[in-house]
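Below is one structure, written out as structure tokens; the observations come after it.
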Amino acid sequence: IFKTVFTNLIPFVICIICSVFLIIYVLVRKYLVPKIPEVNFLEYLKMSLFLTVYLLYPELVSKGFSLLNCSQLDETSPATFLAISPNVQCWTNIHKLSLFAIGIPGIIIWGVAIPIFFLYTLFQNKDLIVQILRKAQTIDDFKTTQTKSIMSYVSRKSVNKMHKMSLKQSIGDDANENDIQRSHTNELREDNYISQNQKESFMDTPTVKANESRLKKIELYKFVYRGYRGKFYYWEILIFVKKAIFILLSAVSNSLDPRI
């Protein structure tokens with residue numbers, strides 16, 4: 001039970017530690033090094049809390065459901081005991097106190113409220129998040145295209161070098177470099193035209209400069225939606241739900257009579 005209490009308090013403990021470091025940072029900036037960048041105290045606290053819950057979500061939820069995991073130790077007795085603490089009998093006063101004071105609030109706050117809050121925030125800023133993800137995808141596609149273009153250019157350059165050598169031999173030794181280079185002018189112009197079109201197409205992609213305040217807000221939750229395509233910005237929330245369901249089923253199945 002003590003481990004369950006401590007696990008549920010981990011996000012708050014980390015927030016307190018972060019608060020101490022942020023206070024030290026603010027004092028140092030104010031009295032010692034005023035040139036260092038200013039930080040938003042509340043935004044960093046929220047980020048530390050959300051990131052801690054995101055990383056420890058399975059552990060937080062499993063500790064809450066563990067207080068529902070009761071098993072029968074003696075077949076001759078109907079009494080059941082907690083799996084995490086076999087010396088505590090289920091549905092006694094101490095078990096009810098632990099369950100209703102620690103387990104259920106932890107499940108509601110960490111297991112239900114936080115994912116709902118994430119989903120609400122993402123849905124509220126859906127248009128901007130989709131725009132950011134599409135821009136990131138466009139940048140990735142552009143980099144891939146540019147890489148392919150460079151490889152193609154290097155390949156063509158080597159071929160052109162060989163072609164120049166053969167062209168020089170066919171024209172004669174009196175041919176200068178300008179005469180040889182003139183035979184490749186059209187190809188180089190075509191390459192430049194394609195590269196320019198790719199650059200213009202990339203620069204025409206949507207930007208997110210119009211909503212600076214909303215952009216700063218959703219930057220706190222980028223660890224939730226980054227890595228997904230635009231229309232699947234909510235996918236990480238479904239993973240949250242899947243984890244919670246698996247943990248619940250595991251706790252319930254362990255509580256069932258093995259003869260069932």
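Note: hydrogens, waters and symmetry copies are ignored here, and every other heavy atom, side chains too, is used. Note that the structure is predicted; figures quoted are calculated from it, not measured.
Listed by first and then second residue, the disulfide (SG to SG under 2.5 Å) pairs that reach into residues 90-136 are Cys70-Cys90, sequence neighbours excluded. Sorted pairs that involve residues 24-33 and meet side chain to side chain donor-acceptor pair (under 3.5 Å), not counting sequence neighbours, are lacking altogether. Sorted by first and then second residue, the side chain to side chain donor-acceptor pair (under 3.5 Å) pairs involving residues 79-88 (not counting sequence neighbours) are Ser85-Asn87. Within the structure, no pair that satisfies the disulfide (SG to SG under 2.5 Å) test touches residues 5-65, not counting sequence neighbours. Sequence neighbours left out, the pairs with a member in residues 54-68 that pass side chain to side chain donor-acceptor pair (under 3.5 Å) are Tyr54-Glu236. For residues 76-88, the set of pairs meeting the salt bridge (charged side-chain N to carboxylate O under 4.0 Å, His left out) definition, not counting sequence neighbours, is empty. Sorted by first then second residue, the disulfide (SG to SG under 2.5 Å) pairs that include residues 97-136, not counting sequence neighbours, number zero.
When side chains are defined from C-beta on, Leu82 counts as touching His95, because their heavy atoms get closer than 4.5 Å. Under the 4.5 Å side-chain criterion, counting only non-hydrogen atoms from C-beta, Val88 is not in contact with Phe81. No side-chain heavy atom of Thr4 sits less than 4.5 Å from a side-chain heavy atom of Ser98. At a threshold of 4.5 Å between non-hydrogen side-chain atoms, the residues Tyr234 and Tyr228 do not count as touching. Between Leu49 and Ile14, the closest side-chain pair of non-hydrogen atoms is not below 4.5 Å.
Linking ILVMFWY residues whenever their side-chain heavy atoms come closer than 4.5 Å, directly or via other members, places Leu238 and Tyr225 in the same cluster. Following chains of ILVMFWY side-chain contacts shorter than 4.5 Å, one cannot reach Leu97 starting from Leu9, and the two form parts of different hydrophobic clusters. Note on Ile104: it clusters hydrophobically with Ile94, by side-chain heavy-atom contacts below 4.5 Å among ILVMFWY residues. If you chain together hydrophobic residues whose side chains sit under 4.5 Å apart, Ile239 and Ile237 fall into the same group. Ile24 and Ile16 fall into different hydrophobic clusters, where Ile, Leu, Val, Met, Phe, Trp and Tyr are joined by side-chain heavy atoms under 4.5 Å apart, directly or via other members.
Distance check, rounded to the nearest 0.5 Å: CD1 of Ile10 to CG of Leu60 gives 7.0 Å. Here the straight-line distance linking atom CZ of Arg134 with atom NZ of Lys231 works out to 9.5 Å at 0.5 Å rounding. Atom CG of Leu249 is separated from atom CZ of Phe65 by 9.0 Å, given to the nearest 0.5 angstrom. Atom OG in Ser48 sits 10.0 Å away from atom CD1 in Ile17 (nearest 0.5 Å). Put simply, OG on Ser250 and CG on Leu248 are 9.5 Å apart, with the number rounded to the nearest 0.5 Å.
The hydrophobic cluster containing Ile116 also includes Val112, under a criterion of side-chain heavy atoms closer than 4.5 Å among ILVMFWY residues, counted directly or through chains of members.
Between Gln89 and Ala79, the shortest heavy-atom distance links the atoms NE2-CB, 3.5 Å. Contact record, Arg226 with Leu133: CA-CD2, 4.4 Å, taken as the closest heavy-atom pair. Between Ser19 and Leu45, the shortest heavy-atom contact is OG-CD2, 3.1 Å.
With sequence neighbours excluded, the residues that form a side-chain hydrogen bond (donor to acceptor under 3.5 Å, both in side chains) with Gln124 are Tyr120. Legend: residues meeting salt bridge (Lys or Arg N to Asp or Glu O under 4.0 Å) with Lys96, ordered by chain and number and at least two apart, are absent. Residues satisfying the ring pair (Phe, Tyr, Trp, His ring centres under 6.0 Å) criterion with Phe232, sequence neighbours excluded, are Trp235. A search for side-chain contact (heavy atoms from CB on, under 4.5 Å) contacts involving Phe117 returns Phe50, Thr121, Tyr221, not counting sequence neighbours.
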Item to complete: Walk me through it: do Val61 and Ile107 pass the test side chain to side chain contact (heavy atoms under 4.5 Å, CB included)?
Response: CA-CA 6 Å; Val61 176; Ile107 293 172; 5.6 Å; no
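Taking the ring centroids of Trp110 and Phe12, they lie under the 6.0 Å cut-off.
Applying the 6.0 Å contact sphere to CZ of Phe6 captures no more than 12 heavy atoms from other residues, nucleotides or ligands.
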